[in-house]
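First up is the structure itself, then whatever we jot down about it.
The figures that follow rest on heavy atoms only: side chains count, while hydrogens, waters and symmetry mates do not.
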Amino acid sequence: MTNEFIRVTYRIECVGDVEAMAAKIASDQSTGTFTELPGETEDIRRRFAARVEDIRHLPPVDAPSFPQDTGPGPFNRADVVIAYPLDAVGTDIAALMTITVGGVFAIRGISGVRVMDFDLPPAFACHPGPQFGIEGSRRLIGVERGPIIASIIKPSLGLTPEETAEMVATLCEAGADFIKDDEKLMSPAYSPLQDRVAAIMPVIRDHEQRTGKRVIYAFGISSADPDMMMRNHDMVADAGGRAAVININSIGHGGMSFLRKRSALCLHAHRNGWDILTRHPGLGMEFRAYQKIWRLLGVDQFQINGIGAKYWEPDDSFVRSFHDCMTPIFSEADRPLPVVCSGQWGGQAVETYRRTGQTLDLMYLGGGGIHGHPMGPAAGIRAIRQAWEAAEKGAELADYAKSHPELAASLTKFG
């Protein structure tokens, strides 16, 4: 028996008493049910029942987050911390998600609920965490300082392995540090993974032999079948590949755990599908909670959108996500490399630098911002590097562009 607790923060909303709803969640998700039970003794409750530890009231809202038949509001809200005894849950991720997340959304009477954070006890350090993380990614890629400049193959779908290899050669010559498959590209009929590996890896090796710089290419190896995913992993590793793109929501917690325990590759996580969990502010899960689970399971690099992203996510959400990734769970080593992405072309570098604590520990991933540069991909990469030079020097982009034509061309086209 231990005295450790798993603390989960929920943002709950209901038409009635928030305190009563919090107590109901704690009871329903641990020892209790809808009626008194002869077997639920005081000793069992003392050892295994969840308990409400804190309630921070928030302003009520007039409309419910979920459709309701309870009549008009106001609907009361609060951030509630519920503590679950570690002895009742254990350290298994499936148990954690079942007990603290899975059933909460089914409780009658709530008009909104969102998982805001997990505060996990040291026992959860039993999970492997990142194999590479920030420092390991830098060593692997060979960039000791400054942002790691990366690109993604575009168009996302449709290129043959040979066409992809030609684009990889262009990006290597252009000065990319890291190149990746689009998350949508795994092993389609027109570009099987085996053929793509066979076409791309000789390009990577040839560039390294000629220049001394080994560009890292991340292949999409995701599969719902863990055995197939490991065969894909081995195919990449046996060919000398160093990294893989993993669609974490598609392979699931079990798939990620299976892969990480056997992986020799740097695991670059794409979170597509996370928006389903988070886009409604009264429902789902905050990134702060979500990312902790995947980090424990072994994500090395985490795509988190960026300033001025092409998708829906507001800049403030990206900034919070960045700081979440950079905050240790148990140690500095469990931090993944933040990957700033989605419509990035360099114009966002100054604000990104300012709002993320003036750190250069990041990967800056450009797709169209590199391929679509009017002077070509090499100029696209130079423009991004120039933008980050300006950011670090405290210069404004418009001023820095006066003596840097590639950046000037980016500002004219994208800015």
Side-chain angles (χ1 to χ4, degrees), residues 1-37 40-61 65-66 75-127 277-278 281-293 295-296 320 323-324 327-331 334:
M1 293 289 292
T2 74
N3 290 319
E4 293 184 287
F5 289 87
I6 298 162
R7 291 175 171 84
V8 186
T9 302
Y10 305 94
R11 181 161 292 175
I12 62 173
E13 172 193 301
C14 61
V15 73
D17 183 67
V18 168
E19 286 80 358
M21 182 57 67
K24 178 175 174 58
I25 291 173
S27 175
D28 282 8
Q29 296 310 111
S30 57
T31 63
T33 183
F34 71 95
T35 188
E36 291 185 5
L37 299 171
E40 190 189 10
T41 65
E42 184 58 37
D43 182 58
I44 286 178
R45 281 193 293 269
R46 179 180 57 80
R47 289 184 292 145
F48 299 115
R51 66 192 191 197
V52 180
E53 285 195 341
D54 188 39
I55 296 178
R56 298 186 295 277
H57 290 273
L58 300 169
V61 292
S65 294
F66 302 165
F75 295 87
N76 300 312
R77 299 189 307 143
D79 282 349
V80 174
V81 179
I82 296 179
Y84 297 83
L86 180 63
D87 286 333
V89 180
T91 58
D92 185 81
I93 297 298
L96 175 72
M97 299 304 288
T98 299
I99 295 170
T100 70
V101 177
V104 173
F105 295 87
I107 289 177
R108 186 187 297 274
I110 56 172
S111 59
V113 62
R114 185 174 178 86
V115 179
M116 302 299 290
D117 199 5
F118 295 108
D119 181 8
L120 300 170
F124 274 83
C126 66
H127 295 282
L277 299 176
T278 201
L283 174 66
M285 186 174 290
E286 195 79 1
F287 185 73
R288 177 174 297 170
Y290 169 88
Q291 53 91 32
K292 286 182 178 178
I293 304 303
R295 286 167 59 182
L296 291 175
R320 289 194 301 271
H323 289 298
D324 289 339
T327 301
I329 303 174
F330 301 117
S331 75
D334 65 31

* Do Leu58 and Asp79 have side-chain heavy atoms sitting under 4.5 Å apart? -> yes
* Asked: Partners of Ala95 by side-chain contact (heavy atoms from CB on, under 4.5 Å), sequence neighbours excluded?
  -> Val89, Asp92
* If a pair satisfies side chain to side chain donor-acceptor pair (under 3.5 Å) and one of its residues is in residues 96-106, list it, with sequence neighbours excluded. => none
* Asked: Taking the side chain as C-beta and beyond, is there a heavy-atom pair between Arg11 and Arg77 under 4.5 Å?
  -> yes
* Asked: Can you pull the side chain to side chain donor-acceptor pair (under 3.5 Å) pairs that have at least one residue in residues 107-122, sequence neighbours excluded?
  -> Glu13-Ser111, Arg114-Thr278, Arg114-Glu286, Asp117-Lys292
* May I ask you to decide if Asp334's main-chain N or O and Arg295's side chain share a donor-acceptor pair within less than 3.5 Å? => yes
* Qualifying residues under side-chain hydrogen bond (donor to acceptor under 3.5 Å, both in side chains), relative to His57, sequence neighbours excluded -> Glu19
* Check side-chain hydrogen bond (donor to acceptor under 3.5 Å, both in side chains) between Arg56 and all other residues, then give those that pass, not counting sequence neighbours. => Asp54
Going by atom type alone, with no hydrogens or angles, which donor-acceptor pairs under 3.5 Å involve a side-chain atom of residues 120-127 and a protein atom two or more places apart or on another chain?
{"unit_1": "His127", "atom_1": "NE2", "unit_2": "Thr91", "atom_2": "O", "d": "2.7"}

* **Within-4.5 Å side-chain heavy-atom neighbours: Val101 and Phe118** => yes
* Does the Ser27 side chain pair with the main chain of Ala23, one donor and one acceptor, at a distance under 3.5 Å? -> no
* To do: May I ask you to test the Val80-Ile25 pair for a side-chain heavy-atom distance under 4.5 Å?
  => no
* Asked: Any chance CZ of Arg7 has more than 12 other-residue heavy atoms, nucleotides or ligands included, within less than 6.0 Å?
  -> yes
